[in-house]
Colleague: 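Pasting a structure here, questions to come.
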Amino acid sequence: SFLLVTLGVSMFLLFAFVLLLYGAGVNYIPPGPLTMMFAILYQHYRIIPAVYHFRISYFSISNKAFDYFLACILIITDPPGTLLASLIGIAVGQLYRSDLVNLKSYRISPSLERLCKRFLLPLLGSTRPPTRPVRALPDFVAASEVHVRDQTTARASEPGAGGSGPSGTEEGTPTGQNTTVDDMGLPVPSQQPSTQPSAVSQWVDTLTGRRGGDGVYVPAQAEITVLMAMFPGVPRETVVRALEQR
């Protein structure tokens, strides 16, 4: 629905501006979905926050600068047609975002949707969506967790390794000392915390820079606000739980 609205409004504006600027030499618009691309780029600018920032000399630049750099290359490829198409695309994206003429409420009709599913979907094909992990950990950390857990299980299954002693406590564990299990499935004494942090703890501390007193990540209010702005329909408790799982 967004692409259909963008295409219709941008085609009308392009035709109108070519008629108005024909005397100034603007009589050619290069082919391609430039207007839709810049309308999507405007939504990306308004909705998606920057992931990180870096400095080049005295300038602070975010990771979104690479997208804008590629967009600038498209603008200067074939002026003034590409410049006009990009400006109209940004204007249409802003018009859709502001919802001045109620463009957001438009949806394609069910009959058109069924027609597209019947004739266009077999041509395009479909793929199964990828499975998203529950925990936002890098692949090497997740693989190391599985490897350590497999080694612990194999070590515990060996004769004479582990098991319960006569007093009902695990061998190798001091009597009367409570034990807990960490993220990797290893027993960790609760009264004597380990001074050497695990690989997962080091990675999380490096990424976030802080942890709570019980070792649980404490999300900042700014992070909660950004995620709630990106997903307005999600409750605050779900956002906080997702950040804590990170």
Colleague: Would you indicate whether Y22, at its atom OH, is surrounded by more than 12 heavy atoms from other residues, nucleotides or ligands within a distance under 6.0 Å?
Modeller: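 Atom OH in Y22 is not crowded, with 12 or fewer foreign heavy atoms closer than 6.0 Å.
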
Colleague: Can you name the closest pair of heavy atoms from Y58 and R55 and give their distance?
Modeller: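 Shortest heavy-atom separation between Y58 and R55 comes out as O-NH2, 3.1 Å.
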
Colleague: How long is the span from the CZ atom in F119 to the CG atom in L123, to the nearest 0.5 Å?
Modeller: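 Answer for the CZ-CG pair, F119 versus L123, is 10.0 Å.
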
Colleague: Report the C-alpha separation of M230 and V226 in whole Å, then their side-chain angles, then the decisive distance to 0.1 Å, and conclude whether the side-chain contact (heavy atoms from CB on, under 4.5 Å) test is met.
Modeller: CA-CA 6 Å; M230 293 174 60; V226 169; 4.1 Å; yes

Colleague: Working to the nearest 0.5 angstrom, can you tell me the gap between M37 CE and L74 CG?
Modeller: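 These two atoms lie 5.0 Å from each other.
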
Colleague: Find out if a path of hydrophobic residues (ILVMFWY) with successive side-chain heavy-atom gaps under 4.5 Å connects I40 to L4.
Modeller: yes

Colleague: Take L41 and Y45 through the side-chain contact (heavy atoms from CB on, under 4.5 Å) test and state the conclusion after the steps.
Modeller: CA-CA 6 Å; L41 183 64; Y45 165 73; 5.8 Å; no

Colleague: What are the two closest non-hydrogen atoms of L14 and A85, and how far apart are they?
Modeller: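 Reported closest heavy-atom pair: CD2-CA, 4.2 Å.
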
Colleague: Could you grab the distance from atom CD1 of I90 to atom CZ of R97, nearest 0.5 Å is fine?
Modeller: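 It comes to 15.5 Å.
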
Colleague: Identify, with sequence neighbours excluded, every residue that meets side chain to side chain donor-acceptor pair (under 3.5 Å) alongside R236.
Modeller: Q221

Colleague: How long is the straight-line distance from CD of Q94 back to CD of Q43, given to the nearest 0.5 Å?
Modeller: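 Reported to 0.5 Å precision, the distance equals 10.0 Å.
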
Colleague: For I108, does its backbone N or O pair with a side-chain atom of S1 as donor and acceptor, under 3.5 Å?
Modeller: yes

Colleague: Can you tell me how far CG of L87 sits from OG1 of T82, rounded to the nearest 0.5 angstrom?
Modeller: 9.5 Å

Colleague: Do the side chains of V234 and I48 join up, straight or via other hydrophobic residues, at under 4.5 Å, putting them in one cluster?
Modeller: no

Colleague: Same hydrophobic cluster for I88 and L3, using side-chain heavy-atom links shorter than 4.5 Å among ILVMFWY?
Modeller: yes

Colleague: Between T35, V101, V92, which is the residue that forms a side-chain contact (heavy atoms from CB on, under 4.5 Å) with V9?
Modeller: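 Option passing the side-chain contact (heavy atoms from CB on, under 4.5 Å) with V9: V92.
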
Colleague: Let me check something: do L95 and F17 share a hydrophobic cluster, defined by ILVMFWY side-chain heavy atoms less than 4.5 Å apart, either directly or through other members?
Modeller: yes

Colleague: Among residues at least two apart in sequence or on other chains, which ones pass side-chain contact (heavy atoms from CB on, under 4.5 Å) with I56?
Modeller: F54, I61

Colleague: Decide, yes or no, whether a salt bridge links E113 with K117 under the criterion of side-chain N to carboxylate O below 4.0 Å.
Modeller: yes

Colleague: State plainly whether one hydrophobic cluster holds both M228 and V240, where clusters connect Ile, Leu, Val, Met, Phe, Trp and Tyr through side-chain heavy atoms under 4.5 angstrom apart.
Modeller: yes

Colleague: Looking only at heavy atoms, what is the nearest atom pair of K104 and Y96, with distance?
Modeller: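 That closest heavy-atom pairing would be CE-O, 3.3 Å.
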
Colleague: What's the separation between atom CG in L84 and atom CD1 in I75, rounded to the nearest 0.5 Å?
Modeller: 11.5 Å

